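Report on the following structure.
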Amino acid sequence: MQLSKEDLLAQANLVSKNTLMETLSIEMVDYGEDFLVARMPVTPKVHQPDGVLHGGATAALAESVGSFAAHMFVDTEQFFVRGLEITANHLKSVTEGFIYAKATFLHKGRTTQLLDIRVTDEHDNLVSICKLSTISLPKKK
């Protein structure tokens, strides 16, 4: 039985309990055949001391959505996914509202994956461009 879009997103958000994703209030909000979107509220808990969004929080959002996207691509009964490298270029400051991260695959290999993650604000202004490489490894039996 294939899960509905709503059920799959609810399941993804449920497994985020007691993790960094819950701490940062990151939630998966949309997906399609080749993308996954997450959002995170920009509040003082993710600000730098001068009141703007911390780049590390943005990178955490990007890695979270990219890793979830990679998990959706592999058979999680047989493989687990780990991040190899993340890069982030921050282009615009944000002080409030939500930011959205859309992860799309540049490469979907059996072992390695490369994702492009565009982070935007509520007005669709580009905030950061991130790249995430992941690896799928067999689970020990």
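Keep in mind that what you see is a predicted model, and the values were worked out from it rather than measured.
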Listed once per pair and sorted, the side chain to side chain donor-acceptor pair (under 3.5 Å) pairs that draw on residues 50-63, sequence neighbours left out: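 For residues 50-63, and leaving out neighbouring residues, there are no side chain to side chain donor-acceptor pair (under 3.5 Å) pairs at all.
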Any pair counted as side chain to side chain donor-acceptor pair (under 3.5 Å), so long as it reaches residues 10-36, sequence neighbours left out: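 Of all non-adjacent pairs touching residues 10-36, those that pass side chain to side chain donor-acceptor pair (under 3.5 Å) are Lys5-Asp30, Ser25-Lys45, Glu27-Arg39.
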Gln48 atom CD, over 12 foreign heavy atoms within 6.0 Å: yes
Under the side-chain contact (heavy atoms from CB on, under 4.5 Å) test, residues paired with [X] that sit two or more places apart:
| X | value |
| --- | --- |
| Ala38 | Ile26, Met28, Leu61, Val65 |
| Ile129 | Leu91, Asp116, Arg118, Leu126, Lys131 |
| Asn89 | none |

Nearest 0.5 Å, what's the CD1-NZ distance between Ile99 and Lys92? 12.0 Å
For Leu106, the hydrophobic cluster (side chain heavy atoms closer than 4.5 Å, chained through members) also holds Leu114
With clusters built from Ile, Leu, Val, Met, Phe, Trp and Tyr whose side-chain heavy atoms come within less than 4.5 Å, directly or transitively, what are the remaining members of the cluster of Phe35, listed by chain and number?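 Its cluster mates, by chain and number, are Val29, Val37, Phe98, Tyr100.
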Output all residues satisfying side chain to side chain donor-acceptor pair (under 3.5 Å) with Ser67, sequence neighbours left out; order by chain, then residue number. none
Salt bridge (charged side-chain N to carboxylate O under 4.0 Å, His left out) partners of residues 77-90, not counting sequence neighbours, each pair once: none
Name the one of Asp121, Thr95, Leu53 that satisfies side chain to side chain contact (heavy atoms under 4.5 Å, CB included) with Val42? Leu53
Chi angles and distances behind the side chain to side chain contact (heavy atoms under 4.5 Å, CB included) call for Ser136, Gln113: CA-CA 8 Å; Ser136 300; Gln113 301 79 41; 3.1 Å; yes
Closest heavy-atom pair and its distance - [X], [Y]:
| X | Y | result |
| --- | --- | --- |
| Ala60 | Leu24 | CB-CD1, 3.7 Å |
| Pro41 | Val46 | O-CG2, 3.7 Å |
| Ile117 | Gly66 | CD1-CA, 4.1 Å |
| Ala57 | Met40 | O-CE, 3.8 Å |
| Val81 | Ala70 | CG1-CB, 3.7 Å |

Between Glu6 and Leu8, is any pair of side-chain heavy atoms under 4.5 Å apart?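 No, every pair of side-chain atoms sits at 4.5 Å or beyond.
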For the residue pair Thr111 and Ile135, establish whether any side-chain heavy-atom pair is separated by less than 4.5 Å.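 Thr111 vs Ile135: side chains touch.
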Val52 and Val94: CA distance, side-chain angles, deciding distance, side chain to side chain contact (heavy atoms under 4.5 Å, CB included) verdict: CA-CA 6 Å; Val52 298; Val94 178; over 6 Å; no
Hey, mind stepping through Met72 and Leu36 against side chain to side chain contact (heavy atoms under 4.5 Å, CB included) and telling me if it holds? CA-CA 9 Å; Met72 292 170 67; Leu36 178 64; 4.0 Å; yes
Qualifying ring-ring contact (aromatic ring centres under 6.0 Å, His included) pairs, either residue in residues 65-85, two or more places apart: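 Qualifying pairs: Phe73-Phe105.
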